Number of protein chains: 2
Amino acid sequence: MGISKTEHFTEEQNELATLAKAIGHPARIAIIQHLIKVNSCICSDIVNELPLAQPTVSQHLKELKNAGLIKGNLEGNAICYCLDENGFEKIKNFFEIVNKHLENKNQCC
Amino acid sequence: MGISKTEHFTEEQNELATLAKAIGHPARIAIIQHLIKVNSCICSDIVNELPLAQPTVSQHLKELKNAGLIKGNLEGNAICYCLDENGFEKIKNFFEIVNKHLENKNQCC
DNA sequence: ATTTATTATCGTAATATTGCAATATAAATA
DNA sequence: TATTTATATTGCAATATTACGATAATAAAT
């Protein structure tokens, strides 16, 4: 991105944007879907699943972790990843408000 | 962004990523929130609401419209924007699956 | 037809993202 | 301790995003 004027927006707006942005990449969608499928797995499993090199997958995992969408536990010499409810809970509320609005009073002009 | 290897991912993964990416900016979150608040409004209203210049707002509206998250109707010499259920419906399903997973079997290793 | 109001587009500078090779780090095991 | 396995970090090239001034396009009103 270019210069995003985050200081002009509310904390909530910036937080929601950060979460959505973290989800907004096909590789990270694929990672989330894989974690739903297998519940938890290590990084190298995802490297085998995705058409991306190990450093790239590691970077995507880092972004998801920073956003609070996944968490990782040390398991031997590997790190076991799974979804993190914290991040998803925050967006959930936003979409609930959106959907409530759409169910009722949405008509364009 | 850099080179995103969209061709290696499923259509669904790319579509979800596109939607989330469109939401993933504080200005676009603010636009969505404003549209929920007032139901529908014209571009210049949003320009007055946000700390951004008119061309920038116009660009953000275009991105939201391309993603299917808002729609615009010609109203006099202005364009009346409101939320578009099509885009939001698609993400809704994704988050429902995520939340269903998190309610049940989420434990990290 | 000209003016006014509203929105879109173009061009461009600044910055962010993506992807990966090379390399570093950390834990387990021989 | 050396090796293997698993993950993270660094550095960099290619590309995308953001923001806005200048300008164009469009539609109403005068």
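Below, read A as the first sequence line, B as the second, and so on, with proteins coming before strands; counting in each chain starts at 1. Because the structure is a prediction, the values reported are computed rather than measured.
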- Query: Is there a side-chain polar atom (N or O) of B:Thr56 under 4.0 Å from OP1 or OP2 of D:dC20?
  - Reply: yes
- Quick one: on DNA chain D, does A:Ala78 or A:Lys62 contact a more 5' nucleotide (nearest heavy atom)? A:Ala78
- Task: Assess whether side chain to side chain contact (heavy atoms under 4.5 Å, CB included) is satisfied between A:Glu63 and A:Asn66, documenting all intermediate values.
- Result: CA-CA 5 Å; A:Glu63 282 182 63; A:Asn66 286 343; 5.5 Å; no
- Message: Below the 4.0 Å mark, does C:dT6 have OP1 or OP2 next to a side-chain nitrogen or oxygen of B:Tyr81?
- Response: no
- What is the distance from CD1 of A:Ile42 to C1' of D:dA8, rounded to the nearest Å? 14 Å
- Task: Give the rounded distance in Å between these two atoms: CD of A:Gln59 and P of C:dT18.
- Result: 8 Å
- Message: Can you see whether B:Gln13 engages B:Thr10 through a side-chain donor-acceptor pair at a distance of less than 3.5 angstrom?
- Response: yes
- Have a look at B:Leu61 and say if it touches a base, only the backbone sugar-phosphate, or nothing, with a 4.0 Å heavy-atom cut-off. nothing
- Hey, does A:Ser44 reach any base, or is it just sugar-phosphate, or nothing, if we go heavy atoms under 4.0 Å? sugar-phosphate
- OP1, OP2 of C:dG19 versus side-chain N and O of A:His60: anything below 4.0 Å? yes
- Task: Would you mind reading off the distance between B:His8 atom NE2 and C:dG19 atom P, rounded to a whole angstrom?
- Result: 9 Å
- Whole-Å distance separating the NZ atom of A:Lys65 from the C1' atom of D:dA8: 10 Å
- In whole angstroms, how far is the P atom of D:dT9 from the CG atom of A:Asn66? 10 Å
- Note on the structure: Which of C:dC20, C:dT7, D:dA27 is nearest the side chain of B:Leu74? It is D:dA27
- Query: With a 4.0 Å cut-off, would you call B:Lys90 and B:Glu85 a salt bridge?
  - Reply: no
- Report the nucleotide, chosen from D:dA8, C:dT7, D:dT18, that has the shortest atom-to-atom distance to any side-chain atom of B:Glu63. D:dT18
- Message: Show, in sequence, the C-alpha distance, side-chain angles and deciding distance for B:Lys21 and A:His25, and conclude whether the side chain to side chain contact (heavy atoms under 4.5 Å, CB included) test is met.
- Response: CA-CA 7 Å; B:Lys21 192 160 68 175; A:His25 190 286; over 6 Å; no
- Query: Roughly, in whole Å, what's the span from CD1 in A:Ile79 to P in D:dT5?
  - Reply: 18 Å
- Message: Can you say whether a donor on the side chain of A:Asn77 sits under 3.5 Å from an acceptor on the base of D:dT5, or the other way round?
- Response: yes
- Kindly point out which of C:dT18, D:dT9, C:dT9 is positioned nearest to the side chain of B:Pro55? C:dT9
- Query: So which one's nearest nucleotide on DNA chain C is more toward 5', A:Ala27 or B:Asp45?
  - Reply: B:Asp45
- Message: Whole angstroms only, please: what is the CD1-C1' distance between B:Ile46 and C:dT7?
- Response: 12 Å
- Item | Any A:Lys21 side-chain N or O less than 4.0 Å from OP1/OP2 of D:dT17 | no
- Message: Counting distance alone, no hydrogens or angles: does the base of D:dA8 have a donor or acceptor under 3.5 Å from a partner atom on the side chain of A:Gln54?
- Response: yes
- Query: Can you tell me how far P of D:dG21 sits from CG of B:Leu52, to the nearest Å?
  - Reply: 11 Å
- Item | Pairwise side-chain contact, B:Leu19 with B:Phe88, heavy-atom cut-off 4.5 Å (strictly under) | no
- Do you know which of B:Asp45, B:Leu61, B:Ile31 makes side chain to side chain contact (heavy atoms under 4.5 Å, CB included) with B:Tyr81? B:Leu61
